[in-house]
Amino acid sequence: MRAIYKKELRSYFINPIGYIYLGVFLVASAVLFYFTVLSSATYSTAGYFTFLVAALTVLIPLLTMRLFAEEKKMRTEQLLLTAPVTLTGMVLGKYFAALTVYAAGVLGSCLNFIPLSFIAAAERADTTETLRSTIGPVPGEIIGGVVALLLVGAALIAVGIFISSLTENQLSAAVVSIGVIGAMTLIGLLTQITDANGQPWIRFAWIRTVLNWVSVLGRFANFTNGIFDFAAVFYYLSIAFVFLFLTVRVYEKRRWR
Amino acid sequence: MIRIEHLVKNYGSVCALDDVSFTVEAGEIVGLLGPNGAGKSTAMNILTGCLSSTSGKAMIDGVDILSDPLRAKKLIGYLPEQPPLYPDMTVWEYLNFCYDLKGCRLDREKHLREVCDTVRLGDVAGRLIRHLSKGYRQRVGIAQAMVGDPKVMIFDEPTVGLDPKQIIEVRNLIRGLGRAHTVVLSTHLLSEVQAVCDRIVIINKGRIVANEKTERIAAAVSGSRRFRAKICGPQAAVLQALQNMPGVARAEALAERDGDAGAYALETSEGLDVRKKLFYLLAERGWALVGLEATGVDLEDVFLSVVETSEQSGAKRAPRGARRTRRGKETAEETLGAALYEEADSRRKEAAAGKTDED
């Protein structure tokens with residue numbers, strides 16, 4: 001597992017894909033941060049994190065599309081399959097490599113908060129002693145947001161890896177991943193569509209509940225308000241577990257075809 | 001070292017391997033031979049744990065590949081049909097990765113140097129695999145199989161796509177490996193097994209049709225000899241004279257012509273050399289002999305006939321379900337060698353009867 005982890009991590013940076021991913025992620029996060037926080041003159045980062053999760057729809061497939069599809073296409077997977085490594089070890093090695101690059105991007109994007117802290121510091125200096133503590137971003141919101149972002153990534157990377165293991169074409173892996181991850185993140189938004197009378201477009205409350213329950217974004221909201229939601233943590237980790245498990249099964253099944 | 005017992009593999013309704021059993025002793029080089037699609041790769045994939053069998057057992061050094069795959073895989077170095085190379089890595093990086101992947105506990109630097117030296121990769125160690133030629137890539141693939149010094153090495157068509165010089169190099173390399181390792185290689189080239197292997201296992205349509213020492217197969221075919229002669233003279237008369245020569249089992253005129261000479265193929269029985277007699281016979285008749293060469297019987301012929309024989313006898317056998325119950329190790333062994341000798345025998349008998357026939 002260590003060997004595969006190291007190899008994958010390196011190959012992200014031998015190929016341009018790792019740099020492209022990190023570059024796009026950092027630029028996207030900076031742009032989103034500018035529009036959702038800085039230019040709208042707010043200290044609330046909830047909008048920023050929400051949009052960033054939506055952007056993951058496109059970004060995560062960049063990380064995961066090649067992981068298994070390329071091995072299959074290049075016929076290199078036989079090397080991994082005949083090596084004394086378990087299938088679980090192989091899948092986890094690749095998973096953690098993608099997760100590491102992802103986490104690096106998320107931590108890098110934390111630079112965005114530095115200008116915000118300067119602004120807050122400047123504003124605090126201008127106000128009276130009593131108001132001072134109410135000014136500036138809430139650390140809990142930011143920490144919650146970053147932790148949730150990591151958790152969402154952990155779940156979605158597993159989804160992307162699973163899809164990559166189904167095909168030998170990177171492009172179709174990417175397209176299908178975008179579709180599936182997009183559906184998983186944005187499905188909750190359907191519940192917020194209203195018609196002309198202000199009635200929800202989906203009439204049945206229970207459908208809205210279910211959609212919100214399934215939605216990745218729906219679970220996300222609590223974190224960005226600084227609430228640590230154990231149910232959501234469990235939900236994200238379950239998704240990661242289920243899809244990694246399925247990926248192992250894909251390989252197991254191919255042995256038994 | 002390798003034991004395969006009653007291996008059956010079905011892909012859906014297609015039967016890729018049907019009750020295949022054979023063993024390979026330590027230090028032996030065994031060639032799996034068969035036409036394309038005979039089940040060689042399937043057998044190798046099962047042996048290396050890539051694929052599961054429908055039923056049957058594959059053991060490496062007493063370790064069952066299915067029940068203890070990690071331990072069994074440590075004993076194997078495998079070169080698939082297409083070498084599993086990462087084009088973005090340098091040769092050295094790649095071999096290091098293989099070293100880590102196999103969890104080796106040798107002196108890394110020294111061991112990898114040795115492997116590189118054995119397959120003569122030293123001068124390209126720092127180059128990206130994507131820039132290497134086919135021959136070098138194949139060698140990197142072999143090097144990969146050698147990393148960790150496994151007891152058993154399995155090569156799937158190791159010389160496909162190489163030029164003649166590289167083929168010889170790879171064969172010598174495999175010969176060399178065979179001294180300290182157990183080697184199984186697959187090929188559809190008879191000359192290859194003949195050049196490299198101690199023993200030949202012929203597979204056709206998922207079944208073993210022959211399992212013999214290489215020398216015995218060679219001996220089985222040396223019973224008859226073939227010559228090609230170019231003779232100036234009236235074709236019908238020449239052919240008649242050739243056919244009537246003592247010791248000649250078969251003679252036929254070939255379409256090929258060389259100036260005013262016609263080409264003829266001769267086949268003799270019991271390894272008789274009729275070249276001198278032929279010369280005097282032609283001199284007597286006043287026909288000029290402008291070319292004569294011994295072509296010998298190639299293993300290709302034997303192989304094809306063994307395969308055909310097994311197909312015919314296979315058709316006569318009971319339906320599969322009934323067969324499996326009574327089929328054991330011996331039956332497999334019976335069919336195989338027997339087919340070879342039958343073949344050689346029938347040629348001899350034909351020759352003795354002085355029969356001529358068209359192929």
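Keep in mind that this is a model prediction, so the values were computed, not measured. First the proteins, then the strands, lettered A, B, ... as listed; each starts at 1.
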As an exercise: rank [options] by heavy-atom pairs under 4.5 Å with chain B and give me the winner.
{"options": "A/Ile4, A/Val85, A/Thr76", "value": "A/Thr76"}
{"options": "A/Gly93, A/Ala83, A/Ser11", "value": "A/Ala83"}
{"options": "A/Leu80, A/Leu81, A/Thr82", "value": "A/Thr82"}

| field | Chi angles and distances behind the salt bridge (charged side-chain N to carboxylate O under 4.0 Å, His left out) call for B/Asp107, B/Arg113 | value | CA-CA 10 Å; B/Asp107 180 351; B/Arg113 279 270 159 249; over 6 Å; no
Select one option (side chain, backbone, both, neither) describing which atoms of [X] are under 4.5 Å from chain A's heavy atoms.
{"X": "B/Leu85", "answer": "backbone"}
{"X": "B/Glu81", "answer": "neither"}
{"X": "B/Tyr78", "answer": "side chain"}
{"X": "B/Ser53", "answer": "backbone"}

| Aromatic rings A/Phe25 and A/Tyr102: how do their planes relate, parallel, tilted or perpendicular, breaks at 30° and 60°? |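 Answer is perpendicular, since the angle exceeds 60°.
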| query | Any idea how B/Tyr99 and B/His111 line up, ring-wise: parallel (<30°), tilted (30 to 60°), or perpendicular (>60°)? | reply |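 Rings of B/Tyr99 and B/His111: tilted, as their planes differ by 30° to 60°.
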| task | Check each atom of A/Glu71 against the heavy atoms of chain B and say whether the ones under 4.5 Å are side chain, backbone, both or neither. | result |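 The side chain, not the backbone.
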| request: Could you tell me which portion of A/Arg2 (side chain, backbone, both or neither) has an atom closer than 4.5 angstrom to a non-hydrogen atom of chain B? | output: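 When you check distances to chain B, no heavy atom of A/Arg2 falls under 4.5 Å.
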| query | Given side chains that start at C-beta, do those of B/Val91 and B/Ile129 come closer than 4.5 Å, heavy atoms only? | reply | yes
| With sequence neighbours left out, what residues match B/Arg175 under salt bridge (charged side-chain N to carboxylate O under 4.0 Å, His left out)? |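 In terms of salt bridge (charged side-chain N to carboxylate O under 4.0 Å, His left out), with neighbours along the sequence ignored, B/Arg175 is linked to B/Asp198.
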